[in-house]
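Taking it in order: structure first as structure tokens, then the write-up.
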Amino acid sequence: MRRLLAIAGAATLLASPLAPLLADSLMPAARYANEQLADPKQERQAKALMETIRCLVCQGQSIADSDAEMAGDMRALIRTRIEAGEKPEAIRAWLIERYGDWVSFTPPLDRLTWPLYLLPALFLGLGIWITSGRLKRRRKS
């Protein structure tokens with residue numbers, strides 16, 4: 001039994017560096033994932049919307065900048081819907097409804113997101129207050 005566990009453990013350690021290679025799909029990218037729309041006006045609308053939507057895989061990048069497969073699928077979805085005549089605001093609302101406010105780089109101000117807007121100002125004010133107090137003490141001594 002110990003030998004079997006040792007072999008399984010060794011196989012896991014040897015295979016673990018290969019796991020990222022198996023994470024990507026072998027399917028080709030969706031149409032419009034990396035291809036622009038023929039109409040420049042529609043492509044500008046799509047690009048503007050893609051820059052405001054957060055990549056669900058990378059989390060710190062917009063889908064316009066991300067190389068993740070899911071970001072490519074979302075770019076293709078946006079371009080396809082814009083090409084079909086749907087307004088960017090409607091697509092954005094649908095994405096937020098489906099994935100939540102977090103998918104947007106600019107979440108709306110409501111009872112759940114107000115700390116995102118208020119806390120940075122409070123921390124800045126606290127930092128200024130602490131710094132000014134220490135500077136006053138240094139001047140006195």
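Atom CD of Glu86 sits about 12.0 Å away from atom CD of Gln42, to the nearest 0.5 Å. Atom CD1 of Ile78 is separated from atom CD of Gln45 by 12.0 Å, given to the nearest 0.5 angstrom. Note that CD of Glu43 and CD of Glu35 are 9.5 Å apart. Values are rounded to the nearest 0.5 Å. For the atom pair Ile63 CD1 and Thr52 OG1, the distance stands at 8.0 Å (nearest 0.5 Å). Residue Arg75 holds its CZ atom at 8.5 Å from SG of Cys55, rounded to the nearest 0.5 Å. Considering CE of Met74 and CD1 of Ile53, their distance stands at 6.5 Å, rounded to 0.5 Å.
Cation-pi geometry between Arg81 and Trp94 is met: the NZ or CZ atom falls under 6.0 Å from the ring centre, inside 45° of the normal.
Between Asp101 and Ser104, the side chains place no donor N or O within less than 3.5 Å of an acceptor N or O (distance only, hydrogens not considered).
With a 4.5 Å cut-off on side-chain heavy atoms, Arg79 and Met50 count as touching. Residues Trp102 and Arg54 form a side-chain contact, since some pair of their non-hydrogen atoms from C-beta on lies under 4.5 Å apart. Contact of the Asp67 side chain with the Gln61 side chain is not registered, since no non-hydrogen atoms from C-beta on lie closer than 4.5 Å.
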- Task: Kindly determine whether Tyr32 and Glu83 satisfy side-chain contact (heavy atoms from CB on, under 4.5 Å), including the steps that lead there.
- Result: CA-CA 10 Å; Tyr32 293 137; Glu83 185 179 47; 2.7 Å; yes
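Across every non-hydrogen atom of Pro88 and Ile82, the tightest pair is CG-CD1, 4.2 Å. The nearest pair of heavy atoms linking Leu95 to Leu77 is CD2-CD2, 4.2 Å.
Atom CD of Glu97 is surrounded by 12 or fewer heavy atoms from other residues, nucleotides or ligands within 6.0 Å. Summarising the local packing, CZ of Phe123 is surrounded by 12 or fewer heavy atoms from other residues, nucleotides or ligands at distances under 6.0 Å.
Neither Phe105 nor Leu109 shares a network with the other; the hydrophobic side chains, linked directly or stepwise wherever heavy atoms of I, L, V, M, F, W or Y lie under 4.5 Å apart, form separate groups for each.
With Leu122 as the fixed residue, the side chain to side chain contact (heavy atoms under 4.5 Å, CB included) test singles out one of Leu126, Leu124, Leu119: Leu119.
Looking only at distances, no side-chain donor or acceptor of Ser66 sits under 3.5 Å from a matching main-chain atom of Ser62.
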